[in-house]
Amino acid sequence: MSYILQVDFPYTGPWGQEMAAAMDGLARSIANEPGLVWKIWTENQEANEAGGIYCFKDAQSAQAYLAMHTARLKSFGISQVNGKIFLVNEALSKIDAGPV
């Protein structure tokens, strides 16, 4: 079974390639998180929001990461962090080419 973690928060930039350059070290660190299968980075400059969609091997890894990441973001001065964890319905996701 796989679990999806959806996270978003207020963010004022940088965006695009500048964001990629600025967050390279963080992305490499996240790649080594226990239970992480993959992450998709998200950004919405018009709404001043950023975040990510993560796939974890188990619910405990997703919950632990959400707690750690929320604390990290708050230490950066981000007060509102939204996070939700979902169980993946693999049978239906496969029909629609989901990466499961």
Side-chain angles (χ1 to χ4, degrees):
M1 292 200 293
S2 298
Y3 289 81
I4 294 294
L5 169 60
Q6 172 189 325
V7 176
D8 64 80
F9 50 88
Y11 183 73
T12 57
W15 306 100
Q17 285 305 113
E18 290 178 9
M19 180 183 186
M23 302 295 178
D24 182 80
L26 180 59
R28 292 179 190 282
S29 171
I30 291 169
N32 294 314
E33 288 294 327
L36 180 72
V37 178
W38 50 257
K39 176 184 179 180
I40 296 173
W41 290 67
T42 59
E43 58 182 275
N44 183 334
Q45 188 171 358
E46 292 78 25
N48 283 322
E49 292 180 328
I53 307 296
Y54 307 74
C55 182
F56 284 91
K57 293 178 183 176
D58 56 78
Q60 290 124 329
S61 295
Q63 291 164 347
Y65 181 82
L66 177 57
M68 180 279 298
H69 192 46
T70 298
R72 174 172 49 205
L73 290 168
K74 290 190 178 213
S75 78
F76 295 159
I78 298 170
S79 61
Q80 179 64 39
V81 179
N82 304 308
K84 295 181 181 180
I85 297 172
F86 301 91
L87 176 62
V88 174
N89 184 310
E90 292 185 11
L92 292 173
S93 296
K94 286 179 183 178
I95 292 170
D96 295 319
V100 294

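- In this structure the side chain of Val7 reaches within 4.5 angstrom of the side chain of His69, judged on heavy atoms.
- Here the shortest heavy-atom pairing between Val81 and Phe9 reads CA-CB, 4.3 Å.
- Taking all atoms of both residues into account, the shortest heavy-atom contact from Ala22 to Pro14 is CB-CG, 4.1 Å.
- Taking NZ of Lys94 as the reference point, atom CG of Leu92 lies at 11.5 Å (rounded to 0.5 Å).
- Within the 4.5 Å cutoff, side-chain heavy atoms of Leu36 are placed close to those of Ile30.
- Contact annotation: the side chain of Glu43 approaches that of Met19 to within less than 4.5 Å [non-hydrogen atoms, C-beta and beyond].
- With contacts defined as side-chain heavy-atom distances shorter than 4.5 Å, the pair Pro10/Asn48 does not qualify.
- Distance check, rounded to the nearest 0.5 Å: CD of Glu49 to CD of Gln80 gives 10.0 Å.
- Minimum interatomic distance between Gly83 and Leu66 (heavy atoms only, all atoms of both residues): CA-CD1, 4.0 Å.
- Both Phe76 and Trp15 belong to a single network of hydrophobic side chains, linked directly or stepwise wherever heavy atoms of I, L, V, M, F, W or Y lie under 4.5 Å apart.
- Distance alone, capped at 3.5 Å, places no donor-acceptor pair between the Ser93 side chain and the Glu90 backbone.
- Here the side chains of Arg72 and Thr70 are not in contact, with every heavy-atom distance at 4.5 Å or above.
- Looking at Asp58, its side chain does come within 3.5 Å of a backbone N or O of Gln60 through a donor-acceptor pair.
- Taking the ring centroids of Tyr65 and Tyr54, they lie under the 6.0 Å cut-off.
- At distances below 3.5 Å, at least one donor-acceptor pair connects side-chain atoms of Thr42 with backbone N or O atoms of Gly52.
- Ile78 is not connected to Ile53 by any chain of hydrophobic side-chain contacts under 4.5 Å among Ile, Leu, Val, Met, Phe, Trp and Tyr, and they are in different clusters.
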Before giving the answer on side-chain contact (heavy atoms from CB on, under 4.5 Å), spell out for Trp41 and Met23 the whole-Å C-alpha distance, their side-chain angles and the decisive distance to 0.1 Å. CA-CA 10 Å; Trp41 290 67; Met23 302 295 178; 4.0 Å; yes
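- Within the structure, salt bridge (charged side-chain N to carboxylate O under 4.0 Å, His left out) contacts touching residues 27-39 (residues at least two apart or in different chains) are Asp24-Arg28.
- In terms of hydrophobic clustering, with Ile, Leu, Val, Met, Phe, Trp and Tyr side chains grouped at heavy-atom distances under 4.5 Å, Phe56 and Phe86 are assigned to different clusters.
- Under the 4.5 Å side-chain heavy-atom criterion for grouping Ile, Leu, Val, Met, Phe, Trp and Tyr, Val88 is connected to Ile40 within one hydrophobic cluster.
- Of all heavy-atom pairs between Trp38 and Pro99, the closest is NE1-O, 3.5 Å.
- Looking at heavy atoms from C-beta onward, Ile85 lies in side-chain contact with Gln63 at the 4.5 angstrom threshold.
- Between atom CG of residue Asn89 and atom CE of residue Met1 there is a gap of 11.5 Å, rounded to the nearest 0.5 Å.
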